[in-house]
Amino acid sequence: MVKEKKPKKKPGKRGRPSKPRKPKLQKIKVQAPKGTHDILPQEQKYWDKVRVIVGNIANNFGFGRIDTPIFEDVRIYIKGTGQTSDIVQKEIYTFKSKGGEFLALRPEFTPGIVRAYIEHGMRNLPQPVKLYSIGPLFRHDKPQAGRYRQFHQINFEIIGDSSAVSDVQIIQVFVSILKKLNLKKFYLYINSIGCLICTPKYKKILLGYYRQRLDKICPDCHRRFKENSLRLLDCKKEKCQKIAKEAPQMIDFLCDECHGHFKETLEFLDELEIPYILDPYLVRGLDYYTKTVFEIWEDKEGNSQGALVGGGHYDNLVEMFKGKPNPGVGAAAGIERIINSLKKQDVKIPEGEKPRVFIIQLGDLGKKKSLKLFEEFQRNGIRVGEAFSKPSIKSQLKIADKEGTEMALILGQKEALEGNIIIRDMVSGAQETVSLEKVINEVKRRLKK
Ligand code: AMP
């Protein structure tokens with residue numbers, strides 16, 4: 001709460017109390033919190049476009065929308081996202097509620113959706129269950145290009161199917177979204193990180209390799225060596241990348257099941273003619289992934305804002321929360337990053353439709369009747385422009401002209417008294433007086449022409 005300073009009462013010249021001074025408000029920084037951003041009206045066309053395309057594609061592919069709370073019990077993420085993930089270790093926003101619950105702002109969608117899937121008995125529905133979400137997420141990371149503390153994701157999950165076809169369908173959904181948005185180029189990177197049977201064996205071999213090179217890796221990699229060995233492979237530091245390049249690769253250690261699953265995934269992608277790049281160093285940052293992991297990047301060499309899309313298969317997440325094994329696959333795309341790429345690739349998004357008709361009012365009665373007329377146009381589904389706060393006809397005509405309006409409807413004191421209105425053709429300047437009662441039909445007729 002902003003504290004108001006109490007004004008001190010000072011005696012005036014002749015001992016009378018002087019006029020009380022206006023209390024001074026404590027100044028605050030007029031700035032959005034670090035790492036957050038406003039989405040201004042002129043930006044909304046990009047957001048609307050993304051939302052509409054995502055909604056249509058979700059519908060075509062048979063995904064139902066789910067909206068989960070933006071905060072959950074912190075244990076949902078500790079268990080789901082994983083104790084050793086960067087998100088839980090460094091980035092999660094947690095808080096204790098007034099009721100003493102330990103909560104976390106949503107840093108990713110999947111654990112909350114899996115929680116909802118179990119809580120609402122979706123296991124009893126025909127499987128798999130296909131769900132999608134759009135909304136804000138929160139991660140306390142160092143803000144930089146394409147990395148925010150509050151950002152928005154499009155998220156798709158298929159829960160209750162272990163087959164490669166679901167992995168491919170999730171990829172296909174994101175490729176379709178990016179294509180429909182007219183993003184000119186993007187690249188799919190894919191890998192398999194195995195399962196509970198083959199990954200531990202591979203990790204042992206990987207740790208053996210790194211044990212010989214501990215003096216050459218960064219402090220973060222030292223932590224990964226102890227806690228999350230697969231992530232040694234995707235360190236972005238140059239010296240660590242050199243070591244990762246020589247490391248043994250998971251693909252050579254996949255068990256038969258994982259090998260078959262990955263092979264099938266790639267065959268389906270070939271069938272769909274979705275090009276991909278095999279990336280043995282792609283491991284992703286979340287603890288629950290098994291088998292397929294993938295990312296979509298705007299550039300081949302990587303870029304400063306990071307991947308557009310990231311996702312993967314999870315065999316054990318549902319089971320980790322409760323009960324029976326129940327595999328799934330999911331992926332998410334950052335909307336801010338997609339919009340940055342659309343702008344970078346100069347993809348044009350048309351402006352929203354502007355009103356073709358503009359009401360111009362003069363005098364008190366003219367204004368009153370204009371308000372009513374505006375309301376009637378709304379009811380008839382015709383968008384009309386207005387500048388009710390401007391009193392002069394000149395300034396109103398100027399705005400109507402600037403907005404490219406085709407017709408101005410002028411309602412002055414005289415017209416209002418006589419129950420008439422002037423229709424002015426903004427191109428030719430021709431004017432005609434018509435009765436107020438008939439103006440909507442007359443405008444409809446002219447708009448149809
Ligand atoms: P993740 O949930 O980390 O797998 O990320 C999936 C996608 O979300 C990424 O490919 C990005 O497009 C986006 N994303 C992740 N973190 C951020 C962030 N801090 N700021 C903006 N976008 C993000």
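Indexing begins at 1, ligand by ligand and atom by atom, following the structure's order. Both backbone and side-chain heavy atoms feed into the values below; hydrogens, waters and symmetry mates do not.
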Q: Are the charged groups of Lys344 and Asp346 less than 4.0 angstrom apart, N to O?
A: no
Q: So His152 and Trp47, would you call those rings parallel, tilted or perpendicular, with 30° and 60° as cut-offs?
A: perpendicular
Q: Decide, yes or no, whether a salt bridge links Glu406 with Arg446 under the criterion of side-chain N to carboxylate O below 4.0 Å.
A: no
Q: Can you list the residues that meet the ring-ring contact (aromatic ring centres under 6.0 Å, His included) rule with Phe63, with sequence neighbours excluded?
A: Phe156
Q: With sequence neighbours left out, write down each residue that passes side chain to side chain contact (heavy atoms under 4.5 Å, CB included) with Phe102, or none if nothing qualifies.
A: Val74, Thr94
Q: Heavy atoms under 4.0 Å from ligand 1: which residues qualify?
A: Arg139, Gly146, Arg147, Tyr148, Phe151, Gln153, Arg284, Ala307, Leu308, Val309, Gly310, Ala332, Gly334, Arg337
Q: Taking side chain to side chain contact (heavy atoms under 4.5 Å, CB included) as the definition, give me every residue that meets it alongside Lys34, ordered by chain and number, with sequence neighbours left out.
A: Pro143, Arg149
